[in-house]
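Working notes for the structure below.
Since this is a predicted model, take the numbers as computed values, not measurements. Heavy atoms only: backbone and side chains are in, while hydrogens, waters and symmetry mates are out.
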Amino acid sequence: MAKKILFAVFGGLAFMGVILMSVGIAMGGRVVDIGLENGRMVMDTGSEEVDLGAAPYWLAGMNWRAMSRLADWHGRGEWDSATDMEYAKSGEVEVHAAGEAHQESAAEHSVEASAVAGAGAVNQAALPFAKGEVQKIDVEIDYGHVKIVEGDEFGLSVAGSQYFTSEFENGEWDIEFHSELKSIKPVTEKWDELPRFHDKNGNDVTMEFTITVPKGNYEVDASLDLGLLSVKGLDVTQLELSNSVGKMEATNCKAAEADFSTDVGYGEINGFSGKQCELKVSVGSIQFEGEASELLKLNCDVGAIKATVPAVDTYGYNAQVDLGHASIGTQQFNGNADTQKGDEDHDRPFFDIECGLGSVEVKFK
């Protein structure tokens with residue numbers, strides 16, 4: 001028994017190391033050293049140490065909290081937003097441009113903002129393509145505030161001085177911003193507010209994107225590395241949202257298929273309606289309220305997921321839990337659980353849970 005316990009503990013620590021290494025790659029394009037110091041997670045970027053927040057209870061004997069932004073559900077039963085920016089105040093977070101340098105010219109339907117400071121906003125109320133031509137909208141942003149809202153026509157409004165591109169080709173609208181700055185620092189107290197960013201010299205380099213999307217049969221895929229990703233009122237066929245560090249929020253969205261994921265950030269999904277939905281967390285947290293009438297997948301590594309869904313008479317589930325904890329209503333699934341009832345093709349709604357070292361909770365309302 002002692003050998004099994006020892007193996008479980010060190011296996012859990014090794015698993016945590018893999019997760020944190022992945023987060024390091026996502027945040028800086030390279031592996032960073034993350035260790036414990038006085039009960040807190042500290043990241044060594046090579047030039048400075050960045051405080052990532054309190055270590056989770058299983059690692060430091062503290063109440064459940066991972067990376068300072070996890071909801072302390074076991075204790076107060078509420079979100080702890082006061083420490084959202086604690087790790088960011090301690091130092092700069094490096095954001096590296098992905099791929100090669102930007103080309104001087106852009107495609108036919110490209111919008112560019114000059115890299116010269118003070119270039120001002122780019123406001124394009126209507127884009128030069130018809131609603132029926134769009135099959136997919138792909139948004140990739142390094143940092144800033146990304147807001148996607150429902151509207152009658154497609155539209156794009158950008159405020160900021162950094163270079164970005166907006167291109168349309170073969171039915172796909174691509175909006176990309178890959179920063180060429182060596183380092184940036186969030187200066188906003190909370191992610192709920194409009195995040196502001198400064199470079200190492202104290203210049204405001206904040207980028208704000210507002211994207212208008214009408215109701216339609218197409219896919220929306222938006223990812224943000226650092227900042228606030230806010231989506232409201234979309235009604236599309238497929239919706240995929242992800243963030244690395246910061247906050248992701250989606251309100252009153254409809255999609256046949258949806259995917260919400262976060263690395264070290266946290267997400268709030270309210271009023272969702274669809275057939276299939278997947279929630280994925282590495283070290284962060286997601287709070288979900290809505291309905292996935294056929295399938296709700298909850299995949300949690302070290303973080304936490306809390307989902308509130310409509311009450312039903314019958315349902316199916318598959319719960320695989322390693323060292324963490326999961327629950328569906330009054331049913332509890334502790335470490336080393338592998339339990340299934342029914343299958344996702346016939347028993348609906350079906351809850352598919354994979355939990356590593358974290359916490360997954362499904363509540364009925």
Side-chain angles (χ1 to χ4, degrees), residues 1-27 31-37 39-43 51-77 79-80 83 87 242-245 260-267 278-288 296-307 317-328 331-340 351-363:
M1 176 63 71
K3 290 183 178 180
K4 289 184 178 180
I5 293 176
L6 188 63
F7 175 78
V9 170
F10 282 97
L13 293 176
F15 179 75
M16 178 66 173
V18 172
I19 295 300
L20 293 177
M21 181 179 70
S22 300
V23 171
I25 294 173
M27 290 177 62
V31 178
V32 296
D33 292 327
I34 299 180
L36 280 176
E37 184 175 322
R40 302 187 68 79
M41 307 293 289
V42 178
M43 177 178 68
D51 183 7
L52 296 178
Y57 77 96
W58 54 267
L59 193 59
M62 305 178 68
N63 288 334
W64 178 261
R65 189 176 307 181
M67 316 315 272
S68 83
R69 284 185 304 285
L70 277 180
D72 194 1
W73 294 327
H74 295 331
R76 302 186 314 278
W79 291 91
D80 183 8
T83 56
Y87 81 100
S242 64
N243 79 325
S244 294
V245 180
F260 304 101
S261 63
T262 184
D263 291 330
V264 191
Y266 67 109
E278 181 171 5
L279 309 175
K280 293 187 293 186
V281 167
S282 291
V283 189
S285 62
I286 288 181
Q287 181 170 281
F288 174 89
L296 179 60
K297 300 183 69 174
L298 306 99
N299 190 322
C300 179
D301 290 333
V302 186
I305 299 177
K306 184 175 182 179
Y317 63 84
N318 177 43
Q320 298 182 29
V321 182
D322 292 333
L323 299 180
H325 173 79
S327 65
I328 303 176
Q331 292 182 286
Q332 305 293 317
F333 308 96
N334 295 312
N336 298 320
D338 188 353
T339 308
Q340 182 165 337
F351 303 103
D352 190 353
I353 297 176
E354 292 186 24
C355 182
L357 303 178
S359 172
V360 175
E361 178 183 1
V362 178
K363 293 178 59 177

Partner residues of N336 under the side-chain hydrogen bond (donor to acceptor under 3.5 Å, both in side chains) criterion, sequence neighbours left out | none

Return the minimal non-hydrogen interatomic distance between V321 and A326, and the atom names on each side.
-> CG2-CB, 3.8 Å

Value rounded to 0.5 Å, distance of OG in S327 from CD1 in I353 | 7.5 Å

If you look at every heavy atom in S282 and D301, which pair is closest and at what distance?
-> O-CB, 3.4 Å

Closest non-hydrogen atom pair, L296 against A307 = CD2-CB, 4.3 Å

How long is the span from the CD atom in E354 to the CG atom in L298, to the nearest 0.5 Å?
-> 10.0 Å

Looking only at non-hydrogen atoms, find the nearest pair between G265 and N243 and report the distance.
-> CA-ND2, 4.1 Å

How many angstroms lie between atom NZ of K306 and atom CZ of F288, to the nearest 0.5 angstrom?
-> 14.0 Å

Minimal non-hydrogen separation, F260 against I286, with atom names = O-CD1, 3.7 Å

Between C300 and G358, what is the shortest heavy-atom contact and its length?
-> SG-CA, 4.0 Å

Counterpart residues, side chain to side chain contact (heavy atoms under 4.5 Å, CB included), relative to Q320 (two or more places apart) = N318, D338

For K297, what residues pass the side chain to side chain contact (heavy atoms under 4.5 Å, CB included) criterion, not counting sequence neighbours?
-> E278, L295, D352

N334 side, atom CG; C355 side, atom SG - distance, nearest 0.5 Å = 10.0 Å

